[in-house]
Amino acid sequence: MIVDGRILREDFVPSEVVHRHDEVNLLSETLEPLVSGGRPEPSFLFGPTGVGKTCIARYTLGQLREQVPKVRIAYVNCWQEYTRFRVLYGVLEAVDRAIDVHRTTPKDELFQRLAGCDEQPIVVILDEVDQLEGTAALYDLHRLPHVSLVLIANREDELFASFDDRVRSRLRAGTRVRFDRYGTDELVAILRERTAKALEPNVVTDAQLERIADAASGDARVGIGVLRSAARRAERERCETITDEVLEAAIPDARTEIRQKTVDGLIEHQRVLYDVIADAGEIEPGALYEEYERRVDAPKSNRTLRNYLTKMVHYDLIAAVGERGGRTYRLVDGEDA
DNA sequence: GGTCCACAGGAACGGATGGAGT
DNA sequence: ACTCCATCCGTTCCTGTGGACC
């Protein structure tokens, strides 16, 4: 059934893009100065999840590298690497200068080291850049003349709101590439492309691809996830083709899989908070703290709980409804707005 | 208006951690 | 083996703010 599983992985970058030609062109135009040894303006890729921002960034830079092989590319996902240290480390790693850097290496030394490797231009892709804590890393990177930035985030206004003035004014000039949700047809085309390479022929019908695209509501990550999970299921059940039953069973899989992965990563106390919120549906802070203390032997201080909660909001597991005063917490519903 | 309460989130502190240098 | 150093995590303390009630 599955011929090449890599193609159904989340981080797979296709050799041809099915849609998004305009976006690719705009991004490569912005990066064009690198061809003649210049420095491009920073570029921004904005759009909701699963619309191909990361994929297009990697694809376009892959193309660029074929033209200008000396360009180094550093991809850093700020979701995981959200401190100044980790971002700088990630970039150093990508240019092979991370040897004997360790936890206790001063951050300024990382910066100096990066400043030192200026014989080749470096393009730094910062994915989920809105998850970065503080703007020190951005400021550092932008200061280096041999570093160009490609920044990926969901919403422009939120991203810029999180910048301090210094960084905001410096990055204002960059090029914006905006991504809209895929239409069902576009998503079907993407899925068909992946299916052709990843699976044996004729194991999935066009109608089924449409069903997947529909269930994924414009999110290619979910769509590909459903396809992957359906193929695995079919294989496990030794089906010749993906049956409709298998497919329907795979749809909830893909949505919960992503969440389950994050929930598993929570430490015990965060997990308790999560469960309390899940049980209550929607809960006020006071009641939440109280119930948490009831369920746990050695409760953490409630300042710590607030740290946990912000972190979980950050992970998109829970949502805080309302700013301040009358705020409640609830789980994030599967469908996003 | 004023006062009080509940809560969010910043700042500063201190202990634990773990690699480096001795 | 031991000290130094920077970071991480949880804590305490504190400030700011919205809502309820007078």
Does the side chain to side chain contact (heavy atoms under 4.5 Å, CB included) test come out yes or no for L92(A) and R113(A), once each step is laid out?
-> CA-CA 8 Å; L92(A) 280 171; R113(A) 217 189 258 225; 4.1 Å; yes
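- Residue R39(A) comes nearest to H142(A) through the heavy atom pair NH2-O, 3.0 Å, listed as atom of the first residue, atom of the second, then distance.
- The cationic atom of R20(A) (NZ for Lys, CZ for Arg) lies less than 6.0 Å from the six-membered ring centre of Y182(A) and within 45° of the ring axis.
- With rounding to whole Å, E284(A) atom CD is found 11 Å from dA8(B) atom P.
- Here the C1' atom of nucleotide dG10(C) and the CD atom of Q270(A) are 12 Å apart, to the nearest Å.
- A donor-acceptor distance shorter than 3.5 angstrom exists from the side chain of H146(A) to the backbone of C117(A), with no hydrogens or angles considered.
- Between the P atom of dC5(B) and the OH atom of Y289(A) lies a distance of 18 Å, rounded to the nearest Å.
- At a cut-off of 3.5 Å, with distance as the only test, no side-chain donor of Y292(A) or R294(A) sits close to an acceptor on the other residue.
- Following rounding to the nearest Å, Y329(A) (OH) and dG9(B) (C1') show an atom-to-atom distance of 10 Å.
- Taken residue by residue, residues 299-310 of chain A places heavy atoms nearer than 4.0 Å to DNA chain B at R303(A), R306(A), T310(A).
- Annotation: cation-pi pair R176(A)/F44(A) present, NZ/CZ under 6.0 Å from the ring centroid and within 45° of its normal.
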